[in-house]
Undergrad: 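This structure is in structure tokens; I'll ask about it shortly.
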Amino acid sequence: MERTMMNQIIPGTGVKVQGFVERVRSTGAMAFLVLRDRMGKVQVTIEKAAHPEFAEDLNRLTPESVVTVEGRAVSNPQVRLNGLEILPERLTVESLAAPLPLNKDAAVDTRMDYRWLELRGEKERLLFEVQTCLVNAMREFLIERDFLEIHTPKLIAAASESGADVFEVKYFDRKAYLAQSPQFYKQMAMAAGFERIFETGPVFRAEKSFTNRHATEFSGFDLEFSYIESFEDVMRLEAELLAYSLEQVARTYGEAIERQYGVNVIVPQLPFPQIALKDLYTELERRYGYTLPESEKGDMTTEAEQLSYRFSKEEFGHEFLFITDFAAEKRAFYHMRKNGVPQGYDLIWRGVEITTGAQREHRYDVLCRQADERGLGEDVKFYTEFFRYGCPPHGGFGLGIDRMSMLLTGVTIKDAMFLFRGPNRLTP
RNA sequence: GGCCCGGUAGUACAGUUGGUUAGUACGCCAGCCUGUCACGCUGGAGGUCAGGGGUUCGAGCCCCCUCCGGGUCGCCA
């Protein structure tokens, strides 16, 4: 018999349902099971006297066990759960669950230890439905515009950016590193003449960051494209991409997100507002009295990020804010500079950085000079080689998928990831 | 890595000035209950008080060390 999903049950028909036992209740003459599958829940009602054959299973059945029930679905207004119940003819216990090691009150660390149990919840599942929708919309948008999806190596011979904060791994008789960004390979694709590419995949950072928004392994969404005229082309594409994707999310899951997480999905208006870093600091000081020593104004602080959300809402009625004109020494050596100013940006959404983007330096001699300034000459020689044999002007950005999910639902990074990895968390 | 806070049944917590047998809720087990739906009622099991050392007649409680976790900042996506 075909399995029926629990939101597809038609009263008056015979059904087979399979799922977890959410609750077992046994009163004098009756027993009730509430079953759950990925689509919904249904009550199974058993009149004990009429079905002595179920007695043994009912007695041993525990919450979160997995069962198959075949029987007849009937309408019954007495039942609070959708006015529907199944009167079983067969009951098969597929898997018996031991008592759960946690309950609703469990602390984060305990929940992480048994993450798969927590993920059984409808609310937790929703986050991954939303993430699937978001990433799918981003793919759709880019493929429509002739972008190729590529997959770059995560095992690499040398650190991809600074040389610090990479995980070292044993690679036969030598050392390798886990890719801390697909940056160099995205640009290699530009030198390969692919013109437009994106990639979504794991990113590894050996940083001992203890915040609610950092992980040592997370999913990045990276994109790079050629023949741009300035980094503003990159910003424009990203804004369009996000507006499109969030529109898909809002349409499909807006209500569910509001119901489960109490967060409203707002489809952003185009264009996204934009401000130079030093102007932002001026505004933050004028409006909120936030001050910082001049020497620290080349970069964003956490508090400035948070305040910039308030500023963007007040000034532009917008949740997003592009910030440009960072200090050159705070940005990667491969960002193109014009009059010493990096041709790149950060994108802040709801007070959290979700993206860094830039026009890249594609001129071999300039790139080598900028690398040398950081003392990276030899370390990045394999990379600068990409630009020796002709390379179009190009730019791109990297976006944190988990941070998107996190902000979309208002949870922390630990709750937004399938499995969190941090300095102190390597299991399960 | 800096600063702050914490670690007590399976889970979440309480534990008075250092004093006899370490409690509460949920969960678990057994029994009762003709339709429950946060069911209800009765009874029961369950503790290396993170680990080690010290002070004391006596330590869950005070001191030191170690481990683990949380918050926050820095770093970033």
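In what follows, chains are A, B, ... by sequence order, proteins preceding strands, each numbered from 1.
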Undergrad: Can you find a side chain N or O atom of A:Asn424 that sits less than 4.0 Å from OP1 or OP2 on B:rG69?
TA: yes
Undergrad: Hey, is the side chain of A:Lys414 poking within less than 4.0 Å of OP1 or OP2 on B:rG70, counting only N and O atoms?
TA: yes
Undergrad: When you check the phosphate oxygens OP1 and OP2 of B:rG35, does a side-chain N or O of A:Thr27 lie under 4.0 Å from one of them?
TA: yes
Undergrad: Reckon A:Ser209 has a side-chain N or O less than 4.0 Å from the OP1 or OP2 of B:rG74?
TA: no
Undergrad: Just checking A:Asp402: base, sugar-phosphate only, or nothing, at a heavy-atom cut-off of under 4.0 Å?
TA: nothing
Undergrad: Counting the atoms with a prime plus P, OP1 and OP2 as sugar-phosphate, which does A:Thr211 contact under 4.0 Å by heavy atoms, base, sugar-phosphate, or nothing?
TA: base
Undergrad: Under 4.0 Å between a Lys/Arg side-chain N and an Asp/Glu carboxylate O for A:Glu240 and A:Arg236?
TA: no
Undergrad: What integer number of Å spans the C1' atoms of B:rC37 and B:rG47?
TA: 35 Å
Undergrad: Indicate, with a heavy-atom threshold strictly under 4.0 Å, whether A:Arg23 touches base, sugar-phosphate, or nothing.
TA: sugar-phosphate
Undergrad: Record whether the side chain of A:Gln78 comes under 3.5 Å of the base of B:rU36 through a donor-acceptor pair of N or O atoms.
TA: no
Undergrad: If you go through the side-chain atoms of A:Glu353, does one of them form a donor-acceptor pair with the base of B:rC75 closer than 3.5 Å?
TA: no
Undergrad: Taking any heavy-atom pair under 4.0 Å as a contact, classify A:Glu305: base, sugar-phosphate, or nothing.
TA: base
